[in-house]
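Both backbone and side-chain heavy atoms feed into the values below; hydrogens, waters and symmetry mates do not. In what follows, chains are A, B, ... by sequence order, proteins preceding strands, each numbered from 1.
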Amino acid sequence: MTDKIAVTLRVNARDYRIEVEPRRTLADAIRTDCGLTGTHLGCEHGVCGACTVIVDGHAVRSCLMFAVQAEGSHIRTVEGLADGERLSPVQQAFHDHHALQCGFCTPGFLMLATAILEDNPRIGADDLRHALASNLCRCTGYHNIVIAVQAAAEKMR
Amino acid sequence: MTWVGRSLKRFEDAPLLTGRARFMADAAIGARAVRFVRSPIAAGRIARIDIPDGVSAVTGADLIGVKPFRPRLNRSDFTPIEQPILPTDRVRFVGEPVVAVIAETPEAAEDAVDSVAVRFEPTPAVTDFVSALKADAPRVHDHAPANTVVDAKIRPPAVEAAFATAAHTVAIAIRSGRQSAFPLETRGARADYDPATGRTTLTVSTQMPHIVRTGLADVLGMREDDLRVVAPAVGGGFGQKMCPTPEYVVLIWLARRLKGSFAWIEDRHENLMASFHSRDQAHTVKGAFAADGKLLAIDVDLLCNIGAYSCFPVTHGVEPLMAMAEFPGPYDFPAYAARARAITTNTCPMAPYRGVSRPAITLAMERLMDTAAAKLGLDPVAIRRRNLVATFPYTSATGIKYDAGAYREALEIAAEKVDLPGFRARQMAARAEGRYLGIGFATFNERTGYGTPAFAPRMMDVTLGYETVEVAMDPSGFVEARIGASPHGQGLATTLAQIIADELGVAPDTIRVIHGDTDRTPYGWGTFASRGIVIVGGACKIAAAKLAVRLRAVAATLLQTEAGKVELADGRAALAGGPASIPIAELARAAYHQAHQFKDQPDIGLSARATYDPDGTYSNACHVAIVEVDVETGGVRLERFLAVEDAGRLVNPTIVDGQVRGGIVQGIANALFEEILYDQAGNILTTSLMDYAVPTAAEIPPIEIHHLETITDASITGAKGVGEGGAIGAPAAVINAVADAVESLGVAVYEMPIAPQRLRALIRAATGKKR
Ligand code: FES
Ligand code: FES
């Protein structure tokens, strides 16, 4: 179990050469080996979505994927959303519409919403609500998250 | 320009949106990992512990001189119970930590946990009230017969007289299922020993760093100043992160003993199994009503399952004693009898969770109102209208003073907005099509922002309540507000800055709120009991007003006028009615660097400190839920949810709405989805998110909010507490709506959560249908 393998993860357009045990999840590798702690762990069993990152354009629960499986893929995390100090449309909308309280679920929701809207910024209201039901938030009651993502969608159309 | 009342965007957001915020698990990286071997049985003896060679571990036998947790109330109806840090003889619930294992990485520590062999000898367990109360029930703690550890009573003679003469007596029994506060970030901590100073820093995901330090230093026999407690970004708490626990004691003990850094991050399985639970209550309620629906007396029996141990500092009295004191709620009636018991069982310990007992007492009172209304042929609005307190200040049947609120206004506005007659017509039409719609009202009030005057009657060893704030302007004109309380998502860094900005005449973005570090902040209690904006906000207002006096004095010297003529606004100190003015930042420079000019001042520099310790102020609301029940599946769909609420002055309306909605959704979860379950042997059945159903955006309708703003002098800022109200009213509104929907089938609903299988069973039993 403890023999490590060398892998290269491409995260936010940068290569990280790391050595991991085969059992290391992508989430742990991103957080501990790449030092990108913006990706959070709320359950480690694939339900809460706090660990959501974008892998090759798809929103993925990084707690359910092994780091070694992600070699060769392009991974995006919350740290890569803003352009310098300029927030992405989804980040800005979360700020403008008070879509976060404690902020623990926020990176996961930002990545989920970014993937949804990059795929289809014209997604209908019902489909959007159901897509956002992939992730859990304990603080906001979801209301402002839905509103923020709708507002970001308008900007991204 | 004033700042209070504006929906300023939050100063907290930037690091949280960009992944730069540091949460507990981020702070743990680099420390040696600690994980716990936990009891797999609910009750029994520890016969033998085998730790393989090469595994580094700590057992209770190693913790010489470490005291157990023993929170206490000084009253004769309270029986204290002790929690060993790591037990050496008996275990009392599934998940109780028994052995701590240390390794270089979390993975290695988890492997090592699996290699430790503990032999347990199981003994009979009790998990529910009914079996725990039997005379021959196994005792969870030997000194507590019938497992009863609080037994409080009030029984004035007027109650019996009222029941004897009342036109109607209505009796119901309600059941509130066990729930987890479920912060999305689990608990965790890291302890670092500093060889240079001999001090230890505990970084811990907590809502109350100062009291955690007090509790931990006490059991470890440390000087408090040898321990620094720091809260990083906290990913929700809702009560679960108030109380110190054994894991933190072990980390500090290890750091001091081995002079290093040790961290534990709870996983979700541990969190659902062994972090605190809440709300496991059963109430039997009798109400005496006059012929016109006026409530004359209440007689209630309150049972609270408090689990295996007691939580510091609030103790296992917190649920039963709050339920007893606050049961009368928003209704005016003269005679009240109650018995409130805490029952200890072989289950995870209870701690406060958003609303504490009030979701359950509101469910009981609001089901009683609807049940009485049906019996008397009144509608739900009429019976509430007849009974709500209407003149203030009011003193409740338990002697608590209510400051003014808008109880009837909230009900009337809610009734108008949902158009009750219109809904009844729609409900009838739907029923003709075989569809079951229901409407539920919940009116309630909530004691918020209460200090030591309110906590003192509970006779706690540690009486909670005040908050102290230090507000200081530095030589560059920027302001720091150091608060003893520690927020976990409420936005206090923004709202407190708004309050201070108005007093000092500066912009809120020049004010930084410092919290979550016992080295940097004055002693204080924390964020719980809907108190942040009332008590910390009040202390900020007083301290900032004191600082403003200093600024005016400095300005008066520089402007060669009297302090009384100086106005502070828009970043400048100006002579009232004249053109002369100075930037406040220049006053700050002068106060520190030209101090010789201000020899008449009592002190050098610009800082002020204030404590606020109020009696408390009552928020109130009316919640309305409209649901549709699928009688074939027992599924409940929420069609509409409305809250008309009065939390006094809204310091930041958008943040208030966020608090209200977040609370309501936790309340909806309480009513329909979430329940921690045990089997008879005390095995917990709900330790993953596949079994514990937390609602998503798909289950929640848009929530409408309407505000009323009754300002009273019970709160120096005019703000009333808003953190818990949503969670308090929503469960009763939803359950009343479900009950209304299925009432025509002869189904009576008095329990929550009313998950589909449970509702379906009730429908089946009532309609005699097999499926
Ligand atoms: S941490 Fe990956 S889904 Fe919860
Ligand atoms: S903001 Fe706290 S969990 Fe979503």
A:Arg157, CZ: over 12 other non-hydrogen atoms inside 6.0 angstrom: yes
Derivation of the side-chain contact (heavy atoms from CB on, under 4.5 Å) call for B:Leu184 and A:Cys137: CA-CA 7 Å; B:Leu184 197 63; A:Cys137 172; 5.8 Å; no
Chain B neighbours within residues 85-102 of chain A, where any heavy atom lies under 4.5 Å away: A:Glu85, A:Leu87, A:Gln91, A:Phe94, A:His95, A:Asp96, A:His98, A:Leu100, A:Gln101, A:Cys102
Salt bridge (Lys or Arg N to Asp or Glu O under 4.0 Å) evaluation trace for B:Arg20 with A:Glu79: CA-CA 8 Å; B:Arg20 291 176 199 149; A:Glu79 287 90 347; over 6 Å; no
For B:Asp26 against A:His40, the heavy-atom pair lying closest together: OD2-NE2, 4.4 Å
A:Thr106 versus chain B, the contacting section by heavy-atom distance below 4.5 Å: side chain
Part of B:Ala233 lying under 4.5 Å from any heavy atom of chain A: neither
For chain B, the option from A:Gly80, A:Cys139, A:Ala82 that forms the most heavy-atom pairs under 4.5 Å: A:Cys139
Chain A contact via B:Phe182 - which portion, at a heavy-atom distance below 4.5 Å: both
Interface residues of residues 265-279 of chain B facing chain A - non-hydrogen atoms under 4.5 Å apart: B:Asp267, B:Arg268
Proximal component of B:Glu699, with respect to chain A [non-hydrogen, under 4.5 Å]: neither
Most chain A-contacting option - heavy-atom pairs closer than 4.5 Å, from B:Val665, B:Leu16, B:Ile655: B:Leu16
Proximal component of B:Val694, with respect to chain A [non-hydrogen, under 4.5 Å]: both
salt_bridge(A:Arg138, B:Glu674) N-O dist < 4.0 Å: yes
Region of B:Ile29 that comes under 4.5 Å of a non-hydrogen atom in chain A: side chain
When B:Pro701, B:Gly19, B:Ala697 are compared by non-hydrogen pairs under 4.5 Å with chain A, the top option: B:Ala697
Contact leader toward chain A among B:Gly489, B:Ala669, B:Pro695, where contacts are heavy-atom pairs under 4.5 Å: B:Gly489
Interatomic distance, B:Asp657 atom CG to A:Asn144 atom CG [nearest 0.5 angstrom]: 8.0 Å
Choice from B:Gly491, B:Ala21, B:Gly726, B:Ser688 maximising heavy atom contacts with chain A below 4.5 Å: B:Ser688
Those residues that, when tested against A:Tyr142, pass side-chain hydrogen bond (donor to acceptor under 3.5 Å, both in side chains) (two or more places apart): none
A:Glu44 versus chain B, the contacting section by heavy-atom distance below 4.5 Å: side chain
Heavy-atom pair count under 4.5 Å with chain A, highest-scoring of B:Ala14, B:Pro15, B:Gly662: B:Gly662
Option that, when pairs with chain B are counted at under 4.5 Å, heavy atom only, ranks first among A:Leu132, A:Val47, A:Thr140, A:Leu136: A:Leu136
B:Gln659, part contacting chain A, at a heavy-atom distance under 4.5 Å: both
Heavy-atom pair of closest approach, residues A:Asp28 and B:Glu107: OD2-OE2, 4.1 Å
Interface residues of residues 110-130 of chain A facing chain B - heavy atom cut-off under 4.5 Å: A:Leu110, A:Arg129, A:His130
